[in-house]
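Sharing a structure, written as structure tokens. Questions coming.
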Amino acid sequence: MPELPEVETVARDLARLVGGATICTGRILRTANLSTPDPETFTRAIAGRRIEGVRRRAKWVLVDLEGGLILMVHLRMTGQLVVLPATSTPDPYVRAELQLSDQRVIRFRDVRAFGRLALVARREDGSPSRSLDPSGEAALGDHGPEPLEATFTASRFASDLKGRRGRLKSLLLDQRFIAGLGNIYVDEALWRARLHPLATAAALRAAEAERLHHAIVSLLREAVAARGSSIDDYTGPDGDGEMQERLAVYQRGGAPCMRCGTTIRRVTLGGRGTHYCPRCQPLPRGRRAAGSVGDLKKSSTLRRGPRWSESLEEGSLGATATERAAARRRAVRSGGAR
DNA sequence: AGCGTTACCCGCACGC
DNA sequence: TGCGTGCGGGTAACGC
């Protein structure tokens with residue numbers, strides 16, 4: 001699943017591979033994957049444009065085109081951008097194609113077709129507009145800070161956390177709170193910081209917020225350096241990443257914790273598979289913003305009883321089908337490498 | 001308003 | 001063998 005490190009890898013690979021190339025023609029093979037504009041306008045607008053560069057914002061690949069346009073690509077689950085000779089045969093999962101003037105082609109391939117393309121104007125500040133109108137609203141204006149930028153400081157992060165009452169897992173997945181994290185790196189960051197996925201954001205101590213900040217930044221830096229994690233259907237345009245070998249909890253339900261040996265637990269939170277070490281990442285019960293009995297009675301969440309408690313107590317601790325499949329793939333890979 | 005939850009989109013692999 | 005289901009990113013819609 002492409003998250004920040006994988007998208008960063010794709011953007012860097014593409015910048016090197018097709019930076020400076022010129023698009024002759026573009027065509028959309030599955031119109032549902034194109035958010036905006038309509039396919040005819042897209043085809044007309046993209047033809048003949050030189051690719052000035054490729055960058056990343058949140059989980060979006062931004063292809064800067066001459067004449068103030070940006071081709072936005074979101075890979076979602078299974079999207080890939082591949083650069084091939086124009087003579088190569090496309091498979092049924094190619095959703096869009098850009099013919100280059102140098103006899104190559106950029107293919108957007110997406111098995112599950114969740115990915116999205118958009119051709120928009122570049123605003124004055126370089127950010128993508130929501131439409132071909134450069135004075136339009138910013139497309140990604142509601143996104144949170146980029147965790148690898150200098151402006152994402154520990155103190156800013158700590159004060160952002162203070163203002164939120166939600167749980168860490170759902171908050172870190174929220175692109176408006178912090179950009180670029182997804183299910184894999186949220187679970188990994190929480191394990192590194194030794195924080196429970198259900199810990200209340202606002203209740204974190206200063207040292208815990210700092211630990212989480214450091215975990216996020218160091219994890220993402222490491223993952224970018226390793227070219228991301230090649231998991232399931234995802235692989236970079238220029239080859240596999242290595243980060244999947246270094247994931248501590250993701251898809252390791254039922255396996256021993258790399259720090260303490262306790263069995264990694266897998267639960268479902270907010271519809272997401274969540275992996276954590278019950279010993280290294282204890283849930284701080286009783287440490288809430290307000291502790292009096294009166295306050296507890298007023299809390300509707302507590303009255304109803306939080307749904308996650310059942311899933312946590314009940315278990316479902318074993319490996320899922322996906323995890324068993326992943327374990328098999330890892331075994332095959334390491335066996336083959338030897 | 002903020003938070004949690006669910007449905008949606010889709011194809012595949014798993015498992016009954 | 002065949003069919004139902006879970007998986008998951010982001011968004012939207014919903015209820016509280």
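The shown structure was predicted, so the numbers you read here are calculated from the model rather than taken from an experiment. Each chain gets a letter, A, B and so on, in the order the sequences are listed, and its residues count up from 1.
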Under 5.5 Å and under 30°: A:F114 stacked on B:dC9 | yes
Side chains of A:R194 and A:Q281: donor-acceptor distance under 3.5 Å anywhere?
-> no
Any side-chain donor near an acceptor of the partner, A:D125 and A:S127, under 3.5 Å | yes
In whole angstroms, how far is the P atom of C:dG10 from the CG atom of A:L173?
-> 8 Å
Which part of the nucleic acid, if any, lies within reach of A:R176 when heavy atoms closer than 4.0 Å are counted: base, sugar-phosphate only, or nothing?
-> nothing
Decide whether A:S88 and A:R107 meet the rule of one side-chain donor and one side-chain acceptor closer than 3.5 Å.
-> yes
Could you give the CG-to-C1' distance, from A:N33 to B:dC10, as a whole number of Å?
-> 10 Å
Looking only at C:dG9, B:dG11, B:dC3, the nucleotide nearest the A:Y93 side chain is B:dG11
Tell me whether the guanidinium CZ or amine NZ of A:R55 lies under 6.0 angstrom from the six-membered ring centre of A:W60 and within 45° of its axis.
-> no
Rounded distance (Å) that lies between atom P of C:dG9 and atom NE2 of A:H74 = 10 Å
Please work out if A:G166 contacts a base, only the sugar-phosphate, or nothing of the nucleic acid, heavy-atom cut-off 4.0 Å.
-> sugar-phosphate
To the nearest Å, how far apart are A:D174 CG and B:dG2 P?
-> 11 Å
Parallel under 30°, tilted from 30 to 60°, perpendicular over 60°: which one fits the rings of A:F177 and A:F157?
-> tilted
The side chain of A:R165 lies closest to which of these nucleotides: B:dC3, B:dC10, B:dG4?
-> B:dC3
Rounded to the Å, how far apart are A:R30 CZ and B:dC9 P?
-> 11 Å
Donor-acceptor side-chain pairing of A:T78 and A:Y93 below 3.5 angstrom | no
Does C:dA12 pair with anything, Watson-Crick or G-U wobble, both distances under 3.5 Å, and if so, with which nucleotide?
-> B:dT6
Less than 6.0 Å separating the ring centroids of A:H74 and A:F114?
-> no
Rounded off to whole Å, could you give me the OH-to-P distance for the A:Y250 and C:dC7 pair?
-> 10 Å
Please enumerate all protein N or O atoms sitting under 3.5 Å from an N or O of nucleotides 11-14 of chain C, with distances to 0.1 Å.
none

How close or far is atom C1' of B:dC9 from atom CE of A:M77, stated in whole angstroms?
-> 11 Å
Separation of A:R266 atom CZ from C:dG6 atom P, in whole Å?
-> 11 Å
